[in-house]
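Below is one structure; the comments refer to it alone.
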Amino acid sequence: AAKQAGRNQFQEFDAAQERALRHTRAQVVQLREALATGQFELYLQPKVDMRLGTVVGAEALARWNHPERGVLSPAAFLPLIEGTELDTQFGTWVVQSGLALIERLADSGLPLPVSINIAAPHLQQCGFAEWMGGEVAAHPQVPAHLLDIEITETAQLLDIENVALTLQKLRALGITISLDDFGTGYSSLTYLRGLPLNTLKIDQSFVGGMLAEAGDLAIVQGVIGLARSFGYRVIAEGVETEDQGLMLLQMGCAQAQGYFIARPMPVAQFLGWAASWQAPAAWQP
Ligand code: C2E
Ligand code: MG
Ligand code: MG
Ligand code: MG
């Protein structure tokens, strides 16, 4: 009887696995279809200077306008893309859409830098920088210095020297580089030492914790100090309260991004938002 039960368990497990696999395959097909039919959209989240009360740029964040499930966040679809042949296709869409967004903003009188997120495997593809050069050249109206690339330190950044070489080529094109989620990876300082960067992004987990946890505050302060030592810009992610912004200002970090300032939004909405945003009085010197 026990043997019988064991076999049934295995059968159930196999059936569940197979269902999950078929589900995933169906989703990959759906994703490919979604890319082909324009169901993806880049939202923009503002980056501001809290002291000057100015909008200094925006981060482009992917959304899937799913015909049945509504607007989906990357957490719902990036895991299905990563490691599949859709990786490059999606990355290509992000780059081309990002350049189109910069053009759209500039045409609307807002020539702001826009950051796009590039996954490590895409960045490390052979010839990535040369390909980017072609994309930038295909948008002659877009000055390359308005394009910023956010990379996340991850175990997938295997070969730092090679990545550094790619980043140097990108910078030679005029593109700037931000290190995203700084401090959350395993070898933050090694990346800092080895990569040519322009900006460090303080991860939102530290910003979210810094008013309650002395350790988080120390890390935020440390990252601000590191950025200063390297001559890099620094921006705080995940500012959700006025007080967090104030604390960052007191520590010498004026640039910020977060729900307290604005959530990611479609470009049309962003244009209206940028025209009317005012920093809270508490942030003014
Ligand atoms: P990320 O690049 O670190 O982006 C910041 C994430 O934090 C975004 O989530 C943003 O909506 C969210 N966020 C911003 N301010 C706040 C805040 O004050 N509080 C909280 N709790 N969250 C805040 P989102 O849009 O869901 O994106 C998640 C991640 O997905 C991104 O993290 C990025 O790693 C990835 N991603 C998004 N778009 C793309 C893309 O086009 N290409 C690639 N390769 N990855 C992308
Ligand atoms: Mg990012
Ligand atoms: Mg981040
Ligand atoms: Mg993140």
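Counting convention: from 1, in listed order, for ligands and their atoms alike. For clarity, every value in this text was computed on a predicted model and none was experimentally measured.
Residues K201 and E59 are paired through a salt bridge, judged by an N-O separation under 4.0 Å between the basic side chain and the carboxylate. Salt bridge status for E150 with K47: present, with a side-chain N to carboxylate O gap under 4.0 Å.
If you look at K201 next to ligand 1, there are no close heavy atoms at all, none under 4.0 Å. The part of E237 lying near ligand 1 is the side chain, judged by heavy-atom distances below 4.0 Å.
The ring of Y191 has its center no closer than 6.0 angstrom to the ring center of F182. The ring of Y43 has its center no closer than 6.0 angstrom to the ring center of F270. A centroid separation of less than 6.0 Å is found between the aromatic rings of F260 and W283.
Between F90 and ligand 1 there is a heavy-atom distance shorter than 4.0 Å. Residue contacts with ligand 1 include E59, since one of its heavy atoms falls under 4.0 Å from the ligand.
The shortest N or O to N or O distance between P264 and ligand 1 is not under 3.5 Å. Geometrically, ligand 1 and E240 share a nitrogen or oxygen pair separated by less than 3.5 Å.
D180 has its closest N, O or S atom to the Mg ion (ligand 3) at the position named OD1.
Note on L105 and V142: same hydrophobic cluster, where clusters join Ile, Leu, Val, Met, Phe, Trp and Tyr whose side-chain heavy atoms are under 4.5 Å apart, directly or indirectly.
Rounded to the nearest 10 degrees, the angle OD1 (D181) to the Mg ion (ligand 3) to OE2 (E237) equals 140°.
The Mg ion (ligand 2) has an N, O or S atom of N117 under 2.8 Å away, backbone or side chain.
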